[in-house]
Amino acid sequence: MKETVRVLLSEEEVDQRIAEIAAEINRDYKDEHVHLISVLKGGVFFTCELAKRLDMPVSMDFMVVSSYGASTKSSGIVKIVKDLDEEIAGKNVLVVEDIIDSGRTLSYLLSYLRKRNPRSLKICTLLDKPERRVTDVSVDYTCFQIPDEFIVGYGLDYAQKYRNLPYIGVVELD
Ligand code: IMP
Ligand code: MG
């Protein structure tokens, strides 16, 4: 089977939309300090592009999470591979995600972070596939809502490939 990647959102479209979302975040938080929590690996490109456009004081931390075992799609149990380096109590936490699919990872992460008493807790995602949602999570900032297709590029992978593409694409097997 031959794999090809079709462009869904060009580099220019993505950059422009990130700038819009950053402007919204700048307006909402004004000059308050924001503590970004980037969810790796997928969130890495988006986090950098977003962070560069924020005007307030920003600090950053990184988490690596993975689904537990092979059949975790339904279990919803998430393993924390790399935990926070810094306390989040009293901070305005903004979680930066690549994509929200079923929402299980995010639900787990939110309950984990809430227990650490942040001053506020919001979510910012590059992509959202609302059709696929099985949990009740509300997302504060979404760059793009997309149909239920397998996405790569801009940090997202298919079997660890394509993360480095500067655009958002759809994998096609033919
Ligand atoms: P959720 O827990 O089902 O919302 O899954 C979220 C995670 O699944 C994301 O952070 C991605 O790592 C991965 N994922 C979901 N959809 C895609 C996709 O279309 N392409 C690449 N990774 C995806
Ligand atoms: Mg993710």
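For ligands, and for the atoms within them, numbers begin at 1 and follow the listed sequence.
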Participant: At a 4.0 Å threshold, what atoms of ligand 1 neighbour a non-hydrogen atom of Arg104?
Facilitator: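 Taking each heavy atom of Arg104 in turn, ligand 1 has 2 (O), 4 (O) under 4.0 Å.
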
Participant: Looking at Ile25 and Leu94, what are the two nearest heavy atoms and their distance?
Facilitator: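 It is CD1-CD2, 3.8 Å.
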
Participant: Does Ser59 reach the side chain of His33, with side-chain heavy atoms less than 4.5 Å apart?
Facilitator: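 Side-chain contact under 4.5 Å: yes.
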
Participant: Counting each atom of ligand 1 from 1 as listed, which ones have a heavy atom of Thr105 under 4.0 Å away?
Facilitator: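 Near Thr105, the atoms of ligand 1 are 1 (P), 2 (O), 5 (O), 6 (C).
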
Participant: Got a sec, which residues hit side chain to side chain donor-acceptor pair (under 3.5 Å) with Asn26, two or more places apart in sequence or on another chain?
Facilitator: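 Counting only residues at least two positions away or on another chain, Asn26 forms a side chain to side chain donor-acceptor pair (under 3.5 Å) with Asp55.
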
Participant: If the cut-off is 4.0 Å to any non-hydrogen atom of Asp98, which atoms of ligand 1 fall inside it?
Facilitator: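 Taking each heavy atom of Asp98 in turn, ligand 1 has 9 (C), 10 (O), 11 (C), 12 (O) under 4.0 Å.
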
Participant: I'd like to check whether Asp157 has a polar contact with ligand 1, where a contact means an N/O of the residue lying under 3.5 Å from an N/O of the ligand.
Facilitator: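 No, there is no polar N/O contact under 3.5 Å.
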
Participant: Under 4.5 Å between side-chain heavy atoms, hopping through other hydrophobics if needed: is there a path connecting Val152 to Phe46?
Facilitator: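 No.
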
Participant: Only pairs under 3.5 Å count here: list side-chain donor-acceptor contacts from residues 6-13, not counting sequence neighbours, and write none if there are none.
Facilitator:
| residue | atom | partner | partner atom | Å |
| --- | --- | --- | --- | --- |
| Arg6 | NE | Glu172 | OE2 | 2.6 |
| Arg6 | NH2 | Glu149 | OE2 | 2.9 |
| Arg6 | NH2 | Glu172 | OE2 | 3.3 |
| Ser10 | OG | Glu13 | N | 3.2 |
| Ser10 | OG | Glu13 | OE1 | 3.2 |
| Glu13 | OE1 | Ser10 | N | 2.9 |

Participant: Can you tell me if Glu149 has a non-hydrogen atom under 4.0 Å from ligand 1?
Facilitator: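 For ligand 1, residue contact (heavy atoms, under 4.0 Å) with Glu149 is present.
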
Participant: Looking at ligand 1, would Lys129 count as a contact under a 4.0 Å heavy-atom criterion?
Facilitator: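 Judged by the 4.0 Å heavy-atom criterion, Lys129 does count as contacting ligand 1.
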
Participant: Does a sphere of radius 6.0 Å around CG in Asp148 hold more than 12 heavy atoms from other residues, nucleotides or ligands, not counting ones at 6.0 Å or beyond?
Facilitator: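 It does: Asp148 CG has more than 12 such atoms within range.
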
Participant: I'd like to know if Leu106 contacts ligand 1, where contact means a heavy-atom distance under 4.0 Å to any ligand atom.
Facilitator: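 No, Leu106 has no heavy atoms under 4.0 Å from ligand 1.
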
Participant: How about OH on Tyr162, more than 12 heavy atoms from neighbouring residues, nucleotides or ligands closer than 6.0 Å, or not?
Facilitator: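 Atom OH in Tyr162 is crowded, with more than 12 foreign heavy atoms closer than 6.0 Å.
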
Participant: Any nitrogen or oxygen of Ile151, main chain or side chain, under 3.5 Å from a nitrogen or oxygen of ligand 1?
Facilitator: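 The answer is yes, given that Ile151 and ligand 1 share an N or O pair closer than 3.5 Å.
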
Participant: Examine Gly103 against ligand 1 and note whether any of their N/O atoms are separated by less than 3.5 Å.
Facilitator: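 Yes: some nitrogen or oxygen of Gly103 is under 3.5 Å from one in ligand 1.
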
Participant: Is it the side chain, the backbone, both or neither of Leu156 that has a heavy atom closer than 4.0 Å to ligand 1?
Facilitator: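 The answer is the side chain of Leu156.
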
